[in-house]
Each structure stands twice: as structure tokens, then as C-alpha cells.
2 protein chains.
Amino acid sequence: MKEQIRHYFNRYVPFEEKEVDHFYSHLVSKSFKKHAYLLRPGQVCTSKIFIAKGLTRSFYIDDKGNEKILQFGIENWWISDTESFIKRIPSKQFIQALEDTTILMITREKLEELYVAIPKLERLFRIITEHTLMAIQRKYEFYMKMSSKERYESLIKGIPDITQRVPQYMIASYLEITPEYLSALRKND
Amino acid sequence: MKEQIRHYFNRYVPFEEKEVDHFYSHLVSKSFKKHAYLLRPGQVCTSKIFIAKGLTRSFYIDDKGNEKILQFGIENWWISDTESFIKRIPSKQFIQALEDTTILMITREKLEELYVAIPKLERLFRIITEHTLMAIQRKYEFYMKMSSKERYESLIKGIPDITQRVPQYMIASYLEITPEYLSALRKND
DNA sequence: CTGATTTCTTAAGATACCTTAATTATTGGG
DNA sequence: CCCAATAATTAAGGTATCTTAAGAAATCAG
């Protein structure tokens, strides 16, 4: 798993073996069975959470009691609740494993210590955050302009095996359409 | 204007007078008349752009020749084309002043030099980017779930004077509804 | 101040997507 | 392997939002 982190980091900033070792030694690894919760409403999301393996969904329950899926999280993606993490306020969302999932996490406190100890880490996370921002912004800018069908196709293109890994009604929730309508869309290719 | 930057920076990270001076001396200020373009498709967005005063829109032209507004930019907001900036690829969008607008900008090259000279700056931009990510993500997550009317109300809440500053058809484009329908929505309060 | 241009409104018919409810298909635990 | 629970489909009728087209209102340049 250290190798995975090393590889991921080096996509953004070249790191020496030693630096990765140092950082990695402060990461906490945790495994969750399918359906287990990584975060529940009311908890403060105190750590950055990196998915090493598996699949998660982030969702909340709306006024009418419906689950609203905000994001799927896959390998090599950060899935913390950004708002809860930054503002140190209780989260409103669930993060749930949809497959057996292994994460690597680091608390905010520890990370801030490490930013001082390994200044390059500050750079790394600036760059990672910039890239995440770019990806999220791009995704939503286009999602907003797309029809349901186009959003579905776009999701499949981004995560081709998502239909094998996630029940269809969750994909519908994520795309903000009803399961019935998604079913109808799929019927006419 | 230096005072404005100082104030903005200190919202995120405490800076000494001297450090702000140093950074500020590398910023380039530019003014644009209403309707002038800050960026056009084909150009690479080589600078981070901060709006000191005024109002801009970012938009692109879709397949059918329609303008699609992605963002409005107001005072104390960064409005660069993130993807073009990060990947150093030609932008697909226009950024246009909707009022007489003054920006402060800094090239990527200069900024990277300054990250080394003033390490605290790296931290500042990590934090700014984190906050921007949080804001953008939150905005879109909710926009996706909202009706047209709710999106309109949400925009007004965020930028109360937007209706005075921007023609209604641009607001409609931003909210991804037709001007006709926005007009109808406004009619029934 | 005035005509030209831009912006906003109105209304009728069309379409994308939703709601409800019932039926069928699939999956997982014992 | 089977039953219970979960997930997916179908269809009918409804609503939000779009399209088109025309006219009214506001703004801008000279």
C-alpha cells in the first residue's frame, strides 16, 4: 500500500523514498466491510480519507427522507467531507462502503504537523487540491448542462465498471434522476 | 488595493506587512472596460486572476452556438480557467468584464518562484484552494438537487445585487434555464 | 431626444422527466 | 436450494421546463 501512495504522490510532486516513508508512517489504515459506515451525520470529519481499495458512496437524507448520493469514491480518490473537515463542524452526510474497502487516513492535526516537518507536503496537497478542484468543477459544469442521458453516459465513461459495482438505483440517485426514468433511458440504448 | 489583498490573505493565513509587500510587488494590475475580454478561447490562461473590483462572467459557446455561462466572478474571487492554467492547454472559454473591472494577476512562473521565496505562500494557496473547492463542491451539490426556482433564489441569496448588475438572460444561462422560463418564475414571485 | 438595438415578457404547444403503483427479476442469508 | 428481501421494469397520467414566435419594454449611440 505504501507503494500505491508513493506512486500516487509522484504523479504530482517527486518525493524521495524517505519522505514517503515518513508520511506513510503517520497514515492509519482501516478496513470496512461492505455496507459499513466510514462517517455518519453528527460526526466531525477529522481526517483526510484516501481510498486505497474499494468503493464508497457519500450521501445525505433529504427533507422527504430520500437518500441523495453526492459522490462515489473509488481507488486513489479522497472522499472526506470537505466542509466538515475544514470548518470542523458536524457532517450532515454518511460515507458508506459499497464494497469491502480499505482506506488510509490522517488527522488534520497530524497533517498540520507534517506540513511543517515536510514542507514539500504542503506543496503536494496544494497541487492535489488544485487538481481535485479542477476535476470537480469541470464535472459539475458539464453535468449542469447535460440531459439525464448524457450524464449517465458521462458517468459510465468516467467509471466504466460502475454498473457492475453499484445498484442502478444508486446511480440514478447520483445522477439526480428517478430509478424508473433511468430504467427507461437504458431500455432505448 | 494592497490593503484589499492584505485583508483577503489574512482571512486565511496571518501575513506580515513585509511578506504582503513582497507578494504584492509581483502582482500585475489590469483594468478592463465593460464588455472587454480578459480571456478568449485558444489562449492559455497563464495567470491566476483575482478580481479587485468589478464583475465578470466565464462562458463558452456550445455546439448550437449558444452562450453557456459557467461562473460569475465578483470582488475577492479568483476567476482563472483552472483547467487551462493547470494543464497549460488552450482555454475553451471566454472571460468577459460585465462592468468596468480591475484585476490583479500573477503568472504561474512567477507564482512558483514566490512559493519558494515565501513558503507561507504555498500554505496560503493550499488553504485558499481548499476553501474554493469546498465552496464550489457545496454549491454544485445543492444546485444539482434543486429546482430552477430554488437555484434562482440560492443565487440571489449568494449575490443579492446580481439582478441589478447582470441582464436577466445571463442569469438564466448561468442557472441553466431559458430566459422565458425565468421570466415566468419571477412573475409568480 | 429618437431610432436602433438589446432585453424582457407572454402564450401555446411540445418534451423530458416525475409520481404512483403494480409486476417481474435478482440477490443473499439460512 | 429456497424464501425473503432487495432491485429493476413497465405503464399511465402529471408537472416542470423548453421551443417558438411575437410583441412590449428598456437601454444605448448618435
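Within every chain, numbering begins at 1; the chains are lettered A, B, ... in the order of the sequence lines, protein sequences first and strands thereafter.
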d([atom1], [X]; [atom2], [N]) in whole Å:
{"X": "A/Glu150", "N": "C/dA16", "atom1": "CD", "atom2": "P", "result": "11 Å"}
{"X": "B/Glu67", "N": "C/dT6", "atom1": "CD", "atom2": "P", "result": "12 Å"}
{"X": "B/Arg186", "N": "C/dT10", "atom1": "CZ", "atom2": "P", "result": "11 Å"}
{"X": "B/His35", "N": "C/dT5", "atom1": "NE2", "atom2": "P", "result": "16 Å"}
{"X": "B/Ile177", "N": "D/dT15", "atom1": "CD1", "atom2": "C1'", "result": "16 Å"}
{"X": "B/Tyr152", "N": "D/dA16", "atom1": "OH", "atom2": "P", "result": "19 Å"}
{"X": "A/Asn66", "N": "C/dC18", "atom1": "CG", "atom2": "P", "result": "12 Å"}
{"X": "A/Leu98", "N": "C/dG28", "atom1": "CG", "atom2": "P", "result": "13 Å"}

Query raised in the report: Is the cationic atom of B/Lys139 (NZ for Lys, CZ for Arg) positioned less than 6.0 Å from the six-membered ring centroid of B/Tyr143 and within 45 degrees of its normal?
Result: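 Checked: cation-pi criterion met.
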Query raised in the report: If you take all heavy atoms of A/Phe85 and A/Thr46, which pair is closest and at what distance?
Result: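 Of all heavy-atom pairs spanning A/Phe85 and A/Thr46, the closest is CE1-O, 3.7 Å.
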For the side chain of [X] and the backbone of [Y], is there at least one donor-acceptor N/O pair under 3.5 Å apart?
{"X": "B/Ser91", "Y": "B/Cys45", "result": "no"}
{"X": "B/Ser80", "Y": "B/Ile49", "result": "yes"}
{"X": "B/Thr82", "Y": "A/Gln137", "result": "no"}

Query raised in the report: Is any side-chain N or O of B/Thr178 closer than 4.0 Å to OP1 or OP2 of D/dC18?
Result: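 Result: yes.
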Query - Side-chain N or O of A/Gln168 closer than 4.0 Å to phosphate OP1/OP2 of D/dT6 - result: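 No, no such contact exists.
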Report summary line: Of C/dA11, D/dA7, C/dC8, the nucleotide closest to the side chain of B/Lys187 is C/dA11
Query raised in the report: A/Glu180 has a side chain; which of C/dT10, D/dC18, C/dA21 sits nearest to it?
Result: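 It is C/dA21.
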Which part of the nucleic acid, if any, lies within contact of [X], taking any heavy atom under 4.0 Å across all strands shown: a base, the sugar-phosphate backbone alone, or nothing?
{"X": "B/Tyr181", "value": "base"}
{"X": "B/Ser148", "value": "sugar-phosphate"}
{"X": "B/Leu182", "value": "nothing"}

Query raised in the report: Would you find more than 12 non-hydrogen atoms of other residues, nucleotides or ligands less than 6.0 Å from B/His26 atom NE2?
Result: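 Yes, NE2 of B/His26 has more than 12 neighbouring heavy atoms, counting only those of other groups under 6.0 Å.
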Requested in this report: Please check if atom NZ in B/Lys30 has more than 12 non-hydrogen atoms from other residues, nucleotides or ligands closer than 6.0 Å.
Outcome: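 No, not enclosed.
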Query - Terminal axis angle for the helix from C/dC1-D/dG30 to C/dG30-D/dC1, five pairs an end, nearest 10 degrees - result: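 If I round to tens, the end axes sit 60° apart.
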Report task. Please tell me which of B/Lys64 and B/Lys34 maps to the more 5' nucleotide of DNA chain D, matching each residue to the nucleotide holding its nearest heavy atom. Result ->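 Counting from the 5' end, the first nearest nucleotide belongs to B/Lys64.
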